[in-house]
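Since the structure comes first, as structure tokens, the remarks are kept for the end.
Just so we're on the same page: letters track the sequence lines, and every chain starts at 1.
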Number of protein chains: 2
Amino acid sequence: MTYTPRTLRRALGRDRLRPRSGRPGLLARTPRAPGGRAVSREPARGGGREGAKIPPPAPGDIRIIPLGGVEEIGKNMTLVETSEDILVLDMGFQFKEEDTPGIDYILPNTKYLEERKEKIRAVIITHGHLDHIGGVPYLMPRIGYPPLYTRNLTAIMIKKRQAEFPHLKNLDIRIIEKDDHLKIGALSVSFFNVTHTIPDSMGIVIETSYGLIVNPGDFKLDHVDEVPTASEEEAYRIFDKKKVLLLITDSTNIENPGFSTPESVVHKNLEEIIKNIKGRIIIGTFASQLARMIHIIKIAEKYGKKVVIEGRSMKVNIEVAETSGMLTVKKGTIIPAAEMSAYPPDKIVVLATGAQGEEFAALMRMGTKAHKTVQINNRDTVILSSSIIPGNEKTVEKLKDNLARQGAKIIHYRTSEVYIHSTGHGNRGEIEWLHRRLKPKFFIPIHGNHYRLRLHAELARDLGTPEKNVIVPDNGSIIEITNKGERMTVLKEKAPASPVMVDGFSVGDIQEVVLRDRQMLAEDGMFVIIGSVNTQTGKLKKSPDIISRGFVYLRESQDLLRQTRYIIKKTIEDAARGMNPINFDYVKNQVTDNVSRYLFQQTAKRPIVIPVILGV
Amino acid sequence: MTYTPRTLRRALGRDRLRPRSGRPGLLARTPRAPGGRAVSREPARGGGREGAKIPPPAPGDIRIIPLGGVEEIGKNMTLVETSEDILVLDMGFQFKEEDTPGIDYILPNTKYLEERKEKIRAVIITHGHLDHIGGVPYLMPRIGYPPLYTRNLTAIMIKKRQAEFPHLKNLDIRIIEKDDHLKIGALSVSFFNVTHTIPDSMGIVIETSYGLIVNPGDFKLDHVDEVPTASEEEAYRIFDKKKVLLLITDSTNIENPGFSTPESVVHKNLEEIIKNIKGRIIIGTFASQLARMIHIIKIAEKYGKKVVIEGRSMKVNIEVAETSGMLTVKKGTIIPAAEMSAYPPDKIVVLATGAQGEEFAALMRMGTKAHKTVQINNRDTVILSSSIIPGNEKTVEKLKDNLARQGAKIIHYRTSEVYIHSTGHGNRGEIEWLHRRLKPKFFIPIHGNHYRLRLHAELARDLGTPEKNVIVPDNGSIIEITNKGERMTVLKEKAPASPVMVDGFSVGDIQEVVLRDRQMLAEDGMFVIIGSVNTQTGKLKKSPDIISRGFVYLRESQDLLRQTRYIIKKTIEDAARGMNPINFDYVKNQVTDNVSRYLFQQTAKRPIVIPVILGV
């Protein structure tokens with residue numbers, strides 16, 4: 001037999017050598033991990049003193065702590081600390097993982113900052129994507145609402161999100177521009193324009209006596225045949241004749257060779273499509289691809305077409321683009337979906353969310369005929385102008401199946417003969433260009449899981465940065481530049497870095513046991529037993545009640561239930577016989593063991609068995 | 001705020017407009033779908049008469065029913081029926097999907113066959129992969145153990161698996177060879193050799209008075225610069241001057257342009273790696289890549305290296321290869337892991353399972369330092385010689401992170417500069433070659449989700465097959481070739497095709513409600529309330545008991561529990577006041593509503609709330 005992870009786990013009995021302990025509900029106790037203490041999600045690496053006990057950097061020294069985004073792609077947040085000041089760069093979140101069922105978002109751990117609130121001079125946000133701004137409403141209250149510096153569009157996006165959290169204090173947002181030079185605390189900070197998929201993306205430059213600290217945020221290069229355009233050259237000219245002490249930069253696409261496709265190529269191809277394809281055109285992309293959406297609307301206008309926006313996040317972002325002045329369209333170019341039928345299909349471009357196959361997004365509703373205003377037919381062409389986020393492959397397949405079933409022609413990024421999507425992150429070639437352009441003395445790769453950071457570190461070394469001047473961090477690594485900018489080391493101590501989870505209204509260090517219970521419930525369901533025992537005789541007052549969900553279909557399992565009731569009755573009465581007073585814990589353990597074993601024998605499933613024994 | 005599918009669902013309240021109904025456990029009732037009946041997973045398409053009522057094809061007509069594998073990749077099974085006989089081609093299964101938590105496997109629906117057992121003359125299996133043989137132990141008993149025809153290696157693999165199901169009857173396996181011609185029932189059947197990633201793969205040819213029905217199974221072409229090799233040409237020579245009535249074939253790689261990389265190129269590159277790389281080499285691949293594993297072992301032997309096999313499925317398959325005579329190695333080439341330290345690292349090649357990042361497979365255990373005998377160090381090179389199965393992207397990332405953290409150098413298929421893996425399925429170029437070579441009159445695409453089948457149908461039409469001679473099927477579509485082989489139509493009726501699920505020992509049509517409960521439990525957990533009411537006074541005897549799992553961490557939620565207990569008490573006593581006898585259903589509904597609402601207000605979570613009210 002070939003084992004699946006699941007059958008293998010069963011065969012090995014790993015973590016399951018004895019039946020799952022079902023504990024009584026009387027005190028609503030929640031079980032703890034084997035070994036008696038709750039499991040921390042914090043990896044065991046590093047250790048030593050934590051948080052508050054770590055003294056500040058010595059005067060002249062610079063401390064860098066990536067609090068998120070270096071063991072995953074997402075929840076980007078890095079802090080720069082001197083003896084006087086702390087600057088926080090970005091404040092992102094991450095979406096849930098397969099092993100965090102039910103969780104809404106995962107946030108960086110800000111404990112280190114919470115203990116040093118008074119030193120935090122600013123939060124600086126490079127651009128308006130959720131992996132850079134998603135943490136703002138959750139984390140700002142924890143760190144005392146320091147001033148937030150960012151460019152106009154990003155500021156509008158942050159405010160728009162903040163409005164969904166009306167109980168929060170107002171943010172102190174200070175809008176800056178790419179050419180601004182600021183004094184924040186004792187630090188001089190400036191900015192530069194970078195190319196990304198959302199306008200107003202910027203890099204951050206912090207001046208120190210030993211040279212610049214540079215974090216370009218998410219960047220790619222606009223280029224022609226791998227030669228950056230004049231405007232890119234212009235933006236990076238600020239580094240001419242400057243000494244770069246430390247580069248901290250994005251590793252997302254380090255595995256992709258060469259340069260990424262310039263967005264201008266994508267724009268040109270989309271223009272050809274919008275100009276030439278007959279029938280209605282429905283374009284699915286990320287709401288975060290704001291630059292592209294703006295461009296599509298302008299093209300549509302150029303060819304006299306009407307644009308329908310479908311999907312809430314897309315509507316919000318287009319609104320933001322209009323508010324910011326980034327998008328100006330003639331009145332009547334953007335029309336409500338309900339008016340679509342007043343125009344011939346050739347004149348309609350629909351911009352829609354859901355290119356990842358999200359269950360309730362506009363495109364999927366069109367695919368399942370559940371969309372109120374857009375019914376797909378065989379004259380429609382659907383353009384999926386986005387890559388597939390890892391983990392979404394199957395839902396994207398389902399989306400394509402559903403749309404194809406309605407007769408739509410589909411042009412998908414992955415298989416299109418022309419480029420209709422491009423990544424927002426520079427490929428290896430662009431990353432290499434940045435290293436060569438900045439020639440940093442020290443280098444810390446960020447924005448990526450461990451393996452990507454390692455590849456990025458190798459690249460830096462291949463390009464001439466000495467091995468000792470490159471550090472691959474973990475979340476919470478405390479890195480210091482000391483000896484008047486001559487040395488970079490990582491401390492033995494780590495800042496707290498266990499992920500903080502948003503689970504409904506609860507924001508915090510969700511207990512591993514809750515997640516593990518969810519995983520077990522998802523696999524095998526639950527089985528609650530309620531029995532009333534006569535405390536005098538040790539006999540059951542009546543047949544025990546059973547509540548089960550997610551285990552087997554009970555309606556068709558009457559024999560199993562009957563047998564299980566018999567086992568429960570016998571177990572309780574055997575265990576309680578002659579006991580006075582009855583040791584309920586003992587009886588419950590017996591019931592759990594016997595019922596778990598029996599259910600597993602009969603069904604090969606291991607529901608969480610919980611006995612409730614009431615003495616009457 | 002940007003909505004995730006989850007927060008959106010919450011905001012919309014879809015399916016959740018009222019609190020989840022918590023039903024009493026007294027009779028262990030399981031809730032049904034909204035609307036009062038259990039939801040069937042059968043799509044609403046088609047319809048009409050089902051199963052038993054459909055008369056057999058008229059004499060001379062030929063019926064084709066794909067029972068699986070045409071709305072998904074996996075669970076391949078197609079039947080060919082005449083007025084006298086039924087042949088079943090392949091009998092695969094599929095692994096669970098995201099929306100089928102806790103399920104082990106998904107099988108094709110065999111109801112149509114069960115009702116016509118006496119007509120089934122044979123099950124013919126094209127090769128030994130699980131999407132072609134996985135259903136055998138589950139489905140053969142249902143269709144009356146007809147004779148199973150296949151080649152030697154496949155037969156050994158099927159027997160090996162069957163041994164894990166000792167309660168089953170022996171299979172009647174008849175080993176055939178590629179050049180055999182058989183009479184099965186009234187049908188003449190022959191075979192031809194195809195190239196795939198497992199030896200003994202074959203195509204099936206069924207002769208009819210109107211021409212051949214051809215199903216090549218999973219195939220690719222061995223080729224040099226897109227010119228098939230002489231041995232491929234030889235294998236397909238059987239079609240020279242033959243009329244192909246119907247081609248039924250694989251659509252897996254229809255989206256990939258050109259020809260796939262020949263396995264010989266992969267072999268050459270792996271030989272270079274094994275020959276030249278210093279230190280220990282650990283190669284992760286699928287256990288199903290048997291041809292490649294055999295080749296690697298032979299290369300290792302050629303260069304005087306020892307081979308360690310790690311992972312149960314790989315050991316089993318290597319054993320099968322030796323039993324079948326496909327692999328002969330000198331004694332001492334394959335050594336147990338425990339003897340590895342007796343040889344210099346340069347002399348060791350480890351073949352390991354787990355290149356998909358499976359939690360308990362050999363490679364992941366090496367990555368997490370949990371492997372008994374293989375400790376990774378910075379002189380090791382890990383070769384991931386496999387593609388990433390859609391859905392496994394994140395676990396593969398984790399695997400690479402873990403291995404990189406131990407210091408291993410990693411060469412991964414996706415980013416390697418040389419080809420170290422190749423697909424087992426022909427790309428579009430090879431599929432096109434097959435169509436041109438066979439020139440079928442009729443065509444049915446199989447092995448793929450709907451979108452892929454459509455693309456394959458388009459290709460066939462582009463190559464000249466008339467539109468009316470191409471049918472894109474669904475699982476259960478009944479397709480008939482009538483009018484002396486002149487016409488192909490699809491009936492209005494469908495064969496039953498709802499997927500059959502393996503859930504522990506239960507094999508059948510698992511109720512949607514069980515899966516939905518598992519999904520809800522995974523998101524928000526459960527909340528069981530136990531209250532004892534004095535039937536005379538309507539008062540609670542004591543504070544109610546609460547059992548909760550997977551909801552919130554109760555230890556830190558004492559306030560919430562206290563408030564909830566208060567609400568329960570008040571709800572029960574208000575509802576029961578003056579009632580005689582107490583209407584328990586009414587009281588329970590009140591409790592469910594009030595508690596669900598309160599918990600949602602406080603936590604934004606919606607656990608399944610189940611009240612148990614005992615009258616005492």
List the steps, then state whether side chain to side chain contact (heavy atoms under 4.5 Å, CB included) holds for Asp503(A) with Thr603(B).
CA-CA 8 Å; Asp503(A) 187 29; Thr603(B) 65; over 6 Å; no
Charged N to carboxylate O below 4.0 Å: is that the case for Arg405(A) and Asp474(B)?
yes
Which atom pair, heavy atoms only, marks the closest approach of Pro101(B) to Ala522(A)?
CB-O, 3.4 Å
Do Lys400(A) and Glu255(B) meet the salt-bridge criterion of a basic N to acidic O distance under 4.0 Å?
yes
Which bit of Lys541(A) comes within less than 4.5 Å of chain B, counting heavy atoms only: side chain, backbone, both or neither?
neither
Portion of Gln602(B) that has a non-hydrogen atom of chain A nearer than 4.5 angstrom:
backbone
Salt-bridge test for Lys394(B) and Glu72(A): reply yes if a basic N is under 4.0 Å from a carboxylate O, no otherwise.
no
What's the spacing between Ile530(A) CD1 and Ile530(B) CD1 if we round to 0.5 Å?
4.5 Å
Counting heavy-atom pairs closer than 4.5 Å to chain B, which one of Glu458(A), Gln519(A), Arg452(A) comes out on top?
Arg452(A)
If you look at every heavy atom in Phe600(A) and Phe505(B), which pair is closest and at what distance?
O-CE1, 3.9 Å
Yes or no on side chain to side chain contact (heavy atoms under 4.5 Å, CB included) for Ile610(B) and Met526(A), after CA distance, side-chain angles and deciding distance?
CA-CA 12 Å; Ile610(B) 306 169; Met526(A) 57 144 186; 3.4 Å; yes
Please flag which part of Glu556(A) lies under 4.5 Å from any non-hydrogen atom of chain B: side chain, backbone, both or neither.
side chain
Can you tell which of Val514(A), Leu521(A), Val528(A) makes a side chain to side chain contact (heavy atoms under 4.5 Å, CB included) with Arg549(B)?
Leu521(A)
Where on Ile410(A) is there a heavy atom nearer than 4.5 Å to chain B: the side chain, the backbone, both, or neither?
both
Counting only heavy atoms closer than 4.5 Å, note whether Ser532(A) contacts chain B via side chain, backbone, both or neither.
side chain
Looking at Asp401(B), is its backbone amide N or carbonyl O close enough to the side chain of Arg454(A) to form a donor-acceptor pair, meaning the two atoms are under 3.5 Å apart?
no
His412(B) side, atom NE2; Tyr451(A) side, atom OH - distance, nearest 0.5 Å:
8.0 Å
Note: Ala404(B) and His450(A) closest approach over all heavy atoms is CB-CD2, 4.3 Å
Heavy-atom closest pair, residues Gly391(B) and Glu393(A)
N-OE1, 3.8 Å
Does any backbone or side-chain atom of Gln356(A) lie under 4.5 Å from a heavy atom of chain B? Answer side chain, backbone, both or neither.
neither
Looking at Glu523(B) and Lys96(A), is there a salt bridge between them, counting it only when a charged N and a carboxylate O are closer than 4.0 Å?
yes
When you measure from the side chain of Lys605(B) to the backbone of Gly102(A), do you find a donor-acceptor pair of N or O atoms at a distance under 3.5 Å?
yes
CG (Asp545(B)) and CD1 (Ile613(A)) are apart, to the nearest 0.5 Å, by 11.5 Å
